[in-house]
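We number each residue from 1, following the sequence as shown.
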Amino acid sequence: MIYTVTFNPSLDYIVSVDDFKLGLTNRTSSELMLPGGKGINVSTVLMNLGIENTALGFTAGFVGKEIIRRLHEMGVKSEFIQISEGVSRINLKLKSIDGTEINGAGPVISKDKVEELMKKLEELGEGDVLFLAGSIPSSMPDDMYEQIMARLDGKGVMIVVDATKDLLVNVLKYHPFLVKPNNHELGEIFGVELKTRKDVIPYGKKLQEKGARNVLISMAGEGAVLVAEDGQVFEEPAPKGRLVNGVGAGDSMVAGFVAGWMEKKDYEHAFHMGIAAGSASAFSENLARKEEIEAVYRQITEKY
């Protein structure tokens, strides 16, 4: 089974406001409400590709109930742990002012609820896949990913980590199957500026030396690079298309990569599936559907 973890899921309220003015009443010209959070995005794309998975994490209050209801409506299974106090967050994303969002804080997650999740994760074993993605809420231990991976060490669980800085570096000793920094995050780890696909390759290999098995580096319009466990290095320019919505493109990429790997156990195919899923989401209003991913995959592979 495949599991994703979203510690602090959200209901994303995505709106467009024509001619937004500060200090005045503004009215939306379009609005959309979707369950959000990096793990949930991964679950959604996997489900769109026909791959069964279960979303884990914490939810609270009426917003938490709505997140679960909407996921169920979309066909995504979930086993969220309910927090009795507080409310899951609503994130306001203002589409018409690029990159402008107001994110909620979410509920306080107590030690006993963290332990409840840990016990659920300890049931995972050989052949299971676990996605750990995104930041850790301030009410939880900041070494949460490390704690999870320490408890699962040696159990044969294939773990994918999409996190930044120390959160990522500190788990490498547990040999995650896949890590996915972007070029800026990779540069930040090593204190360098990385602009081209050639630039990132040696630093991807450095993450492997620290313990990562496969390093997938996303580079927005520059494309992507895979430093694979078997020593192969793949690089690809960005597919052609119009950027519509960059939210969730990175999450789509890791979902596509793992879907491709599970399908053929071939790194080149997995890499192309990752780029196709990430790009298809970026070219779409919502997270990419199967036919959109397949169309971009054909664009990438027809030149080979």
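- Scored by the ring-ring contact (aromatic ring centres under 6.0 Å, His included) test, H269 finds Y297 as partners (sequence neighbours excluded).
- Applying the ring-ring contact (aromatic ring centres under 6.0 Å, His included) test to F190 and every residue at least two apart in sequence or in another chain returns Y203.
- Counting only residues at least two apart or on different chains, no ring-ring contact (aromatic ring centres under 6.0 Å, His included) pair has a member in residues 50-74.
- Applying the salt bridge (charged side-chain N to carboxylate O under 4.0 Å, His left out) test to residues at least two apart or on different chains, the pairs with a partner in residues 38-62 are K38-D162, K38-D251, E52-K77.
- A search for side-chain contact (heavy atoms from CB on, under 4.5 Å) contacts involving K21 returns D19, L24, N26, not counting sequence neighbours.
- Qualifying side-chain contact (heavy atoms from CB on, under 4.5 Å) partners for D199, counting only residues two or more places apart in sequence or in other chains: L194, K195, T196.
- Using a distance-only test at 3.5 Å, with no hydrogens or angles considered, no donor-acceptor pair links the side chain of E101 to the main chain of L92.
- Applying the ring-ring contact (aromatic ring centres under 6.0 Å, His included) rule to F80 yields no partners; only residues at least two apart in sequence or on another chain are considered.
- With sequence neighbours excluded, the residues satisfying side chain to side chain donor-acceptor pair (under 3.5 Å) with E73 are R69.
- With sequence neighbours excluded, the residues forming a side-chain contact (heavy atoms from CB on, under 4.5 Å) with E116 are I81, K113, listed by chain and number.
- Among pairs with a residue in residues 230-266, those fulfilling ring-ring contact (aromatic ring centres under 6.0 Å, His included) read F177-W261, W261-Y267, at least two apart in sequence or across chains.
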Distance-only donor-acceptor pairs under 3.5 Å for side chains of residues 130-138, two or more places apart:
none

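- Residues passing the side-chain contact (heavy atoms from CB on, under 4.5 Å) test with T100, sequence neighbours excluded: L94, I97.
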